[in-house]
Amino acid sequence: MSQIEQTLVLIKPDGLKKSLTGNILTKLSETKLRIVGAKMVCVNEDLAKKHYQHLTDKPFFDELKNYIMGNLQGEKYQRVMALVYRGENAINKVRELSGATNPEEADPTTIRGAYGRITTKGIYENVIHASANPAEAEREIKLWFKPKEIVDDLYPVVKTDTGVKWETLYNKVKI
Ligand code: IDP
Ligand code: MG
């Protein structure tokens with residue numbers, strides 16, 4: 001079944017540091033999806049924790065937070081490029097081109113297979129994040145973007161005294 005979806009893509013600090021932005025965007029353009037949001041973000045601890053909230057209990061959680069905050073081995077590179085892609089089956093299309101979580105298991109023609117690595121600390125530095133399912137995509141887009149930063153709305157917005165806010169759809173997601 002095909003449906004219009006939006007998905008969050010992050011070019012992680014290692015992808016930016018390795019100057020892979022162009023390569024990654026070119027690869028993703030094979031999907032023919034539309035980019036409806038794009039910006040550079042300096043990731044702080046709060047955002048890192050919220051983004052990876054499903055992995056809080058993992059032994060590698062602290063290292064993972066450091067990674068997305070740009071504390072790469074030997075150098076601080078505190079930036080991430082955040083994008084929202086929109087179109088039919090956007091979530092699976094982007095996940096397929098991204099490849100498996102473990103870069104050594106990822107198909108070499110995928111973004112992670114071509115450019116990822118496992119650090120000596122055991123973290124999968126896999127250069128790209130892509131939402132895994134519709135509920136995760138919604139939570140993540142609302143975490144990383146404000147409604148006015150998306151040029152084409154998929155999620156409803158509500159007006160408040162202080163401006164415009166995302167309305168929630170899935171599971172009353174907390175962002
Ligand atoms: P995903 O990014 O493919 O959706 P998740 O399980 O959501 O995979 O994990 C988020 C990120 O945490 C991964 O992209 C990777 O950077 C890191 N990670 C996940 N599992 C492991 C692991 O077993 N060892 C080291 N790093 C991991
Ligand atoms: Mg994930």
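Everything numeric in this text was worked out from a predicted model, so none of it was measured. When a ligand or atom number is given, it counts from 1 through the structure's own listing order. This chain uses plain numbering: 1 for the first residue, then up along the sequence.
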Test of proximity, K12 against ligand 1: N or O pairs below 3.5 Å: yes
Atom 12 (O) of ligand 1: the protein heavy-atom neighbour that sits closest, reported with distance to 0.1 Å: L64 CD1, 3.3 Å
Note, I141 side chain near Y155 side chain (heavy atom, < 4.5 Å): yes
For atom 18 (N) of ligand 1, closest protein heavy-atom neighbour: F60 CE1, 3.7 Å
4.0 Å heavy-atom contact, G122 with ligand 1: yes
Option nearest atom 8 (O) of ligand 1 (shortest heavy-atom distance, choices T101, L55, N133, I118): T101
Any donor-acceptor pair under 3.5 Å from N133 side chain to E136 backbone: yes
Heteroatom proximity flag, R95 to ligand 1, N/O under 3.5 Å: yes
Atoms in ligand 1 with a heavy atom of N126 nearer than 4.0 Å: 13 (C), 14 (O), 15 (C), 16 (O)
Residue pair R117 / K18, side-chain heavy-atom distance below 4.5 Å: yes
Crowding at NZ, K121 (>12 non-hydrogen neighbours, <6.0 Å): no
Side chain to side chain contact (heavy atoms under 4.5 Å, CB included) evaluation trace for V158 with V164: CA-CA 6 Å; V158 284; V164 174; over 6 Å; no
Heavy-atom gap R112 to ligand 1 smaller than 4.0 Å: yes
Heavy atom of E63, distance to ligand 1 below 4.0 Å: no
Ligand 1 contacted by H54 (non-hydrogen, < 4.0 Å): yes
Salt bridge D62-K65, side-chain N to carboxylate O under 4.0 Å: yes
Side-chain ion pair, E5 and R86, N-O less than 4.0 Å: no
Sidechain N-carboxylate O distance under 4.0 Å for E96, K93: no
Per-residue contact class, Y124 against ligand 1 - non-hydrogen pairs under 4.0 Å: both
